[in-house]
Amino acid sequence: GPPPPPGGGGGGPPPPPAPGRGPRLVDYPGVAAAKLEILELLYAHFRERHLGPGSARSAAFREFQEQSGQALRLHATYEALQAHFHGADASVSGWPAWPEPYRDHDAQAVARFAAERLERVEYYEYLQWQTERQLAQVSECCRARGLAVGLYLDLAVSVDRAGSATWTNPECYALGASVGAPPDEFNPNGQGWDLPPLRPDRLRARGYHIFIETLRENMRHAGALRIDHVMGLMRLYWIPPGKTAREGTYVHYALEEMLAIVAVESERNRCMVIGEDLGTVADEMRAALARYEVLSYRLLYFERGDGGAFKPSAEYPRDALVAVSTHDLATLAGWWTGRDLRLRLDLGLFPTQSVYEKQLVDRAQGRVRMLLALQHAGLLPPGTVVEPIGSQALTPALVQAIHAFVAQAPSRVMMVQFEDVIGLAEQANMPGTTDEHPNWKRKLPETLERLATSERVRDLVAVLAKIRPNPALRLPAAPATEARGSKMC
């Protein structure tokens with residue numbers, strides 16, 4: 001049967017933004033302008049009160065500069081140059097658009113600029129210093145609060161084509177190509193991310209220096225690091241200039257060498273590694289991740305057996321992170337209502353109408369199969385009807401049951417999205433789009449403070465805490481006279 005109308009977890013529209021949340025979307029340029037205005041004032045104060053007199057804070061900054069070395073100075077010089085040229089011409093974005101003498105980071109013009117504008121260069125070093133200090137403080141706060149993992153950070157698949165990384169090491173990147181993914185069920189047109197791939201021959205010739213330093217910088221304050229599109233350690237889908245995502249090809253990397261580096265840096269930094277292995281994954285890749293104990297990604301949507309039935313959660317692997325969904329896929333409410341399918345149809349992400357219609361039928365069957373999986377696990381909420389035709393509402397009780405089903409997996413880590421808990425239908429990111437969809441711009445309808453006392457959040461936490469307890473953490477007292485749970489998972 002057709003899916004029920006789009007909306008929140010209970011079938012109605014998503015709740016409006018809470019008072020004080022302002023516009024529905026994040027104004028990134030406005031936020032950046034406000035922050036930069038304050039940072040300029042802080043930096044001026046720092047130069048006057050600390051760098052000038054030579055205070056202990058000044059000494060800490062100088063130590064950071066010395067330890068970070070040439071890499072920091074080049075990045076800060078890039079930022080100062082970009083600000084300089086962008087200020088003169090707002091269309092300038094990145095080093096390929098700069099005047100020719102400045103496109104080579106070793107050029108005399110660049111050295112002269114850095115010397116003449118040292119204060120501006122040090123401003124961008126100061127920003128990096130503040131970022132480093134804040135990450136360290138947040139990491140320490142995690143340890144003090146007893147968080148079992150701590151900070152969970154993300155390693156992107158590549159870098160900005162016109163950013164400081166390609167400016168300082170242009171020979172290490174295939175600057176004309178783009179990283180992407182071939183067509184699959186969720187993205188029938190394929191994906192192109194407009195990011196330049198690293199060249200495997202240059203990586204090896206340089207002793208994997210870029211890769212090693214990237215891992216170290218990202219792991220320093222993290223308890224876990226997610227490697228986005230971890231298949232890139234074995235092969236990346238390169239799209240030639242001027243071609244579509246349907247016309248790309250795989251380029252292979254030295255998998256064993258790169259995984260060995262990941263393992264060494266993981267041990268040195270005491271950092272768990274989680275490989276995002278969703279999409280088209282070779283069996284060889286999954287086997288290698290298991291050998292090196294890199295945790296796999298396992299999502300409820302994809303864990304199916306013969307005939308499309310959902311696997312029992314007991315069959316999920318131990319060395320994995322489990323979740324219902326991710327930011328790149330439909331939220332639980334969006335999946336249940338088919339909101340994501342209609343949106344992808346409207347955005348032209350289906351090659352034909354028939355592909356859309358087939359996935360619509362598959363989704364209707366998927367909802368029934370999910371209910372059957374809950375029924376077999378003894379988790380189906382009372383009053384829930386398993387029927388092939390109809391529009392069973394995604395109630396809070398059903399949301400809890402679905403998360404409990406995932407929580408029962410023996411996998412080491414479980415992830416929960418706020419969007420799934422509070423019943424939002426819209427996903428954070430729609431792969432295959434740029435300006436067509438407000439990717440990473442929607443605000444949650446509630447503040448973090450209100451979410452912490454939300455009945456739906458607290459009830460789910462109490463359910464999960466019984467299944468996956470962490471004795472080091474305690475659930476804050478509820479605003480009512482009785483707490484709703486004793487532990488957070």
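Residue pairs meeting the ring pair (Phe, Tyr, Trp, His ring centres under 6.0 Å) criterion with at least one member in residues 265-307, sequence neighbours excluded: F186-F302, Y301-W335.
Scanning all heavy atoms of the two residues, the minimum distance from A177 to P197 falls at O-CD, 3.6 Å. Counting all heavy atoms, side chain and backbone alike, L195 lies closest to R161 at N-NH2, 3.6 Å. Across P188 and L349, no two heavy atoms sit closer than the pair CD-O, 3.6 Å. V322 approaches A409 most closely through the heavy-atom pair CG1-CB, 4.3 Å. When all heavy atoms of L25 and P438 are compared, the pair lying nearest together is CD2-CB, 4.1 Å. Considering all non-hydrogen atoms of both residues, P381 and T384 come closest at O-OG1, 3.0 Å.
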| query | How far apart are the C-alpha atoms of D160 and T166, what are their side-chain angles, what is the distance that settles it, and do they pass the side chain to side chain donor-acceptor pair (under 3.5 Å) test? | reply | CA-CA 8 Å; D160 189 328; T166 58; over 6 Å; no
| said: Is there a salt bridge (charged side-chain N to carboxylate O under 4.0 Å, His left out) between D346 and R342? Walk through the geometry before answering. | reply: CA-CA 6 Å; D346 293 342; R342 286 188 294 275; over 6 Å; no
| task | Any chance you could lay out the side-chain contact (heavy atoms from CB on, under 4.5 Å) test for V463 and H403, step after step, and finish with the verdict? | result | CA-CA 9 Å; V463 168; H403 281 87; over 6 Å; no
| query | salt bridge (charged side-chain N to carboxylate O under 4.0 Å, His left out) between D340 and R363: does it pass, once the steps are laid out? | reply | CA-CA 11 Å; D340 62 311; R363 184 65 56 82; 2.8 Å; yes
| task | Start with the C-alpha distance between Q191 and Y237, add both sets of side-chain angles, then the distance that settles side-chain contact (heavy atoms from CB on, under 4.5 Å), and finish with yes or no. | result | CA-CA 10 Å; Q191 300 177 58; Y237 191 72; over 6 Å; no
| request: Would you please test E455 and R458 for salt bridge (charged side-chain N to carboxylate O under 4.0 Å, His left out) and show each step? | output: CA-CA 5 Å; E455 183 175 353; R458 296 183 63 85; over 6 Å; no
| field | Y208/E257 under side chain to side chain donor-acceptor pair (under 3.5 Å): CA gap, chis, key distance, verdict | value | CA-CA 9 Å; Y208 294 96; E257 294 174 11; 2.4 Å; yes
| task | Check the pair E446, F418 against side-chain contact (heavy atoms from CB on, under 4.5 Å), reporting the backbone distance first and the verdict last. | result | CA-CA 10 Å; E446 301 284 0; F418 272 129; over 6 Å; no
| request: Assess whether side-chain contact (heavy atoms from CB on, under 4.5 Å) is satisfied between L42 and I38, documenting all intermediate values. | output: CA-CA 6 Å; L42 291 173; I38 300 300; 4.1 Å; yes
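Here M415 contributes atom CE and L299 contributes atom CG; the two are 10.5 Å apart, rounded to the nearest 0.5 Å. Rounded to the nearest 0.5 Å, atoms CD (E217) and CG (L153) are 12.0 Å apart. Separation of atoms CG (L236) and OH (Y253) is listed at 4.0 Å; rounding is to 0.5 Å. In this structure, CG on L151 lies 11.0 Å from CD on E140, to the nearest 0.5 angstrom. Distance check, rounded to the nearest 0.5 Å: OG of S296 to CZ of R318 gives 14.0 Å. Summarising the geometry, atom CG belonging to L332 is positioned 9.5 Å from atom OG1 belonging to T337; distances are rounded to the nearest 0.5 Å.
Side-chain atoms of N439 come within 3.5 Å of backbone N or O of M430 as a donor-acceptor pair. For S266 (side chain) and M272 (main-chain N/O), no donor-acceptor pair under 3.5 Å exists by modelled atom type. Without hydrogens or angle criteria, K443 side chain to P23 main chain gives a donor-acceptor distance under 3.5 Å. Counting only distance, with no hydrogens or angles, the side chain of R442 and the backbone of Q427 share a donor-acceptor pair below 3.5 Å. With hydrogens and angles disregarded, no donor-acceptor distance shorter than 3.5 Å links the side chain of S411 to the backbone of V413. The closest donor-acceptor contact from the side chain of D184 to the backbone of N187 lies under 3.5 Å. Remark: side-chain polar atoms of R412 are not paired, donor with acceptor, to backbone N or O of D319 under 3.5 angstrom.
For the pair V294 and I274, the minimum side-chain heavy-atom distance is 4.5 Å or more. With contacts defined as side-chain heavy-atom distances shorter than 4.5 Å, the pair V421/Q417 does not qualify. Residues M370 and L300 form a side-chain contact, since some pair of their non-hydrogen atoms from C-beta on lies under 4.5 Å apart. Within the 4.5 Å cutoff, no side-chain heavy atoms of L295 are placed close to those of V273. Residues L321 and R298 form no side-chain contact, since every pair of their non-hydrogen atoms from C-beta on lies 4.5 Å or further apart. Counting heavy atoms from C-beta outward, L259 and M234 have side chains that stay 4.5 Å or more apart. Contact of the I210 side chain with the T214 side chain is registered, since non-hydrogen atoms from C-beta on lie closer than 4.5 Å. Here the side chains of R143 and L147 are not in contact, with every heavy-atom distance at 4.5 Å or above.
Annotation: cation-pi pair R133/W129 present, NZ/CZ under 6.0 Å from the ring centroid and within 45° of its normal. Within the cation-pi definition used here (under 6.0 Å to the ring centroid, within 45° of the axis), R304 qualifies as a partner of F310.
Of the N and O atoms on the side chains of R450 and S454, not one donor lies less than 3.5 Å from an acceptor on the other residue. For the residue pair E132 and H221, a side-chain donor N or O sits within less than 3.5 Å of a side-chain acceptor on the partner. Side chains of T131 and Q134: no donor on one and acceptor on the other come within 3.5 Å. Side-chain N/O atoms of T331 and D420 include no donor and acceptor closer than 3.5 Å. With hydrogens and angles left out, the side-chain atoms of E436 and T434 include a donor and acceptor closer than 3.5 Å. Side-chain polar atoms of S139 and R220 form no donor-acceptor pair below 3.5 angstrom.
Within 6.0 Å of CD in E357 there are more than 12 heavy atoms belonging to other residues, nucleotides or ligands. Enclosure of atom NZ in K466 is not indicated, since only 12 or fewer non-hydrogen atoms of other residues, nucleotides or ligands lie within 6.0 angstrom.
Ion pairing between a basic and an acidic side chain is recognised when a charged N comes within 4.0 Å of a carboxylate O; D228 and R226 show such pairing. A salt bridge links R216 to E213: one of the charged nitrogens lies within less than 4.0 Å of a carboxylate oxygen. Residues E256 and R291 are paired through a salt bridge, judged by an N-O separation under 4.0 Å between the basic side chain and the carboxylate.
The aromatic rings of W193 and H229 sit perpendicular, their planes meeting at an angle over 60°, well past the 30° parallel limit.
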